[in-house]
Visitor: 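The structure follows.
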Amino acid sequence: MHKLFVTFFGVGLLRPAPGTWGSVAGAICGYFIYEFLSRETLFLASILLFLVSIKIIDAYEASTQTHDASHIVIDEVAGVWLAIAIGGGGILASVLALVFFRIFDITKPSFIGKIDKQVKGGLGVMGDDMLAGLIAGLVAGAIWVLSRPYLPEQIFGIALF
């Protein structure tokens with residue numbers, strides 16, 4: 001049961017690049033949560049997923065004797081949800097949040113990398129992705145605010161922002 005959860009229902013088992021697959025699957029789910037429920041719901045869901053995942057990842061890692069295995073992608077899901085919730089809704093804003101999230105999650109600049117290397121267990125697995133999501137959301141949100149006057153709000157009835 002833990003493996004099903006940490007792999008986001010098996011998405012983390014896809015190859016190559018399971019983290020990217022997990023991020024894309026999470027972004028798709030996050031977009032629909034944002035659009036059909038609310039930004040606040042997505043934000044709170046990312047925080048709840050973060051908190052619940054710490055204990056589940058701790059148990060999973062203890063049973064498998066691994067740490068931050070590549071198939072664990074629930075951290076990407078929570079991080080990209082946070083990025084979308086902060087960055088704004090719509091297709092373009094969600095894609096921007098996803099792209100910036102992947103950039104920060106892969107490169108792990110500055111303190112994101114420190115959390116990844118220095119914090120152990122579920123908190124370490126989740127912490128760097130939540131921080132990457134926070135920063136990605138802020139960057140995507142800033143781009144949204146700065147570009148909004150220059151872009152149409154909709155194309156073919158689909159909201160961009």
Visitor: Look only at the side chain of E76 and the backbone of T20, and say whether a donor-acceptor pair between them is shorter than 3.5 Å.
Guide: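 Checked: no pair found.
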Visitor: Quick check for you: to the nearest 0.5 Å, what is the distance between D75 atom CG and I54 atom CD1?
Guide: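 Answer rounded to 0.5 Å: 11.0 Å.
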Visitor: To the nearest 0.5 Å, what is the distance between CG on L48 and OG1 on T41?
Guide: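 Answer for the CG-OG1 pair, L48 versus T41, is 11.5 Å.
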Visitor: Under 4.5 Å between any side-chain heavy atoms of K3 and S63, yes or no?
Guide: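 K3 does not reach S63 side chain to side chain.
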Visitor: Any idea which heavy atoms bring G26 and F8 closest together, and the distance?
Guide: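 Residues G26 and F8, closest heavy atoms: N-CE2, 4.2 Å.
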Visitor: Could you grab the distance from atom OG1 of T64 to atom CD1 of I72, nearest 0.5 Å is fine?
Guide: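 If I round to the nearest 0.5 Å, the distance is 6.5 Å.
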Visitor: Does L82 share a hydrophobic cluster with L37, counting links as ILVMFWY side-chain heavy atoms below 4.5 Å and allowing steps through other members?
Guide: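 Same hydrophobic cluster.
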Visitor: So V139 and F104, side chain to side chain contact (heavy atoms under 4.5 Å, CB included) or not? Walk me through it.
Guide: CA-CA 11 Å; V139 171; F104 294 130; 4.1 Å; yes
Visitor: Check whether any side-chain heavy atom of I143 lies under 4.5 Å from a side-chain heavy atom of F100, and answer yes or no.
Guide: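 Result yes, sub-4.5 Å side-chain heavy-atom pair found.
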Visitor: Under a 4.5 Å cut-off applied to non-hydrogen side-chain atoms, are F101 and D129 in contact?
Guide: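 They are in contact (side-chain heavy atoms under 4.5 Å apart), so the answer is yes.
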Visitor: Could you check if a side-chain atom of V73 sits within less than 4.5 angstrom of a side-chain atom of F9, using non-hydrogen atoms only?
Guide: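 In short, these two side chains do not touch, never coming nearer than 4.5 Å.
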Visitor: For the hydrophobic clusters of this structure (ILVMFWY residues joined by side-chain heavy atoms under 4.5 Å, transitively), does one cluster hold both I135 and I106?
Guide: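 Per the 4.5 Å side-chain linkage, I135 and I106 are not co-clustered.
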Visitor: If hydrophobic clusters are built from ILVMFWY residues whose side chains come within less than 4.5 Å, do L42 and L44 share one?
Guide: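 Both belong to a single hydrophobic cluster.
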Visitor: State, yes or no, whether a side-chain contact exists between M130 and I47 at a heavy-atom distance under 4.5 Å.
Guide: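 With C-beta onward as the side chain, the pair touches.
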Visitor: I'd like to know if the side chain of W21 reaches the main chain of P16, judged simply by a donor and an acceptor atom lying under 3.5 Å from each other, with no hydrogens or angles considered.
Guide: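 Yes.
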Visitor: With side chain to side chain contact (heavy atoms under 4.5 Å, CB included) as the criterion, how do L98 and I84 come out once you've worked through the C-alpha distance, each side chain's angles and the decisive distance to 0.1 Å?
Guide: CA-CA 7 Å; L98 169 64; I84 292 170; 5.8 Å; no
Visitor: Start with the C-alpha gap between I74 and M126, add the side-chain angles, then the distance that decides, and say whether side chain to side chain contact (heavy atoms under 4.5 Å, CB included) holds.
Guide: CA-CA 8 Å; I74 199 68; M126 296 298 297; 4.2 Å; yes
Visitor: Please round to the nearest 0.5 Å and tell me the distance separating atom NZ of K120 and atom CG of D58.
Guide: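 With rounding to 0.5 Å, NZ (K120) is 13.0 Å from CG (D58).
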Visitor: In the structure I gave you, are the side-chain heavy atoms of L134 and I86 within less than 4.5 Å of one another anywhere?
Guide: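 Touching, per the 4.5 Å side-chain cut-off.
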Visitor: Could you check D68 against D116 for side chain to side chain contact (heavy atoms under 4.5 Å, CB included), going step by step and ending with a plain yes or no?
Guide: CA-CA 9 Å; D68 205 3; D116 182 56; 3.7 Å; yes
Visitor: V80 versus R102: any side-chain heavy-atom pair under 4.5 Å?
Guide: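 They are not in contact (no side-chain heavy atoms under 4.5 Å apart), so the answer is no.
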Visitor: For the residue pair H71 and R15, establish whether any side-chain heavy-atom pair is separated by less than 4.5 Å.
Guide: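 Touching, per the 4.5 Å side-chain cut-off.
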Visitor: Report whether F32 and L96 are members of the same hydrophobic cluster (ILVMFWY, side-chain heavy atoms less than 4.5 Å apart, transitive linking).
Guide: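 Yes, F32 connects to L96 through the hydrophobic network.
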Visitor: Decide whether L13 and L4 are clustered together by the hydrophobic rule: side chain heavy atoms of Ile, Leu, Val, Met, Phe, Trp, Tyr closer than 4.5 Å, transitively.
Guide: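 Looking at the clustering, L4 is in a separate group from L13.
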Visitor: Of all the heavy-atom pairs spanning P18 and G12, show the shortest one and how long it is.
Guide: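 So the two residues come closest at CB-O, 3.2 Å.
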Visitor: For A93 and A140, work out which heavy atoms get closest and say how close.
Guide: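 Closest approach of A93 to A140, heavy atoms only: O-CB, 4.5 Å.
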Visitor: Let me confirm one number: the CD1-CD1 distance from I33 to I28, rounded to the nearest 0.5 Å.
Guide: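 One finds 12.0 Å between CD1 of I33 and CD1 of I28.
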Visitor: To the nearest 0.5 Å, what is the distance between CD1 (I91) and OH (Y31)?
Guide: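 Taking CD1 in I91 and OH in Y31, the distance rounds to 3.5 Å.
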Visitor: Is there a donor-acceptor pair under 3.5 Å between the side chain of K108 and the backbone N or O of D105?
Guide: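 A pair under 3.5 Å: yes.
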Visitor: When you measure from the side chain of S46 to the backbone of F43, do you find a donor-acceptor pair of N or O atoms at a distance under 3.5 Å?
Guide: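 It does hold such a pair.
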Visitor: Looking at every non-hydrogen atom in both residues, tell me the closest pair between R39 and A85 and how far apart they are.
Guide: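 Closest pair (atom of R39, atom of A85, distance): NE-O, 2.7 Å.
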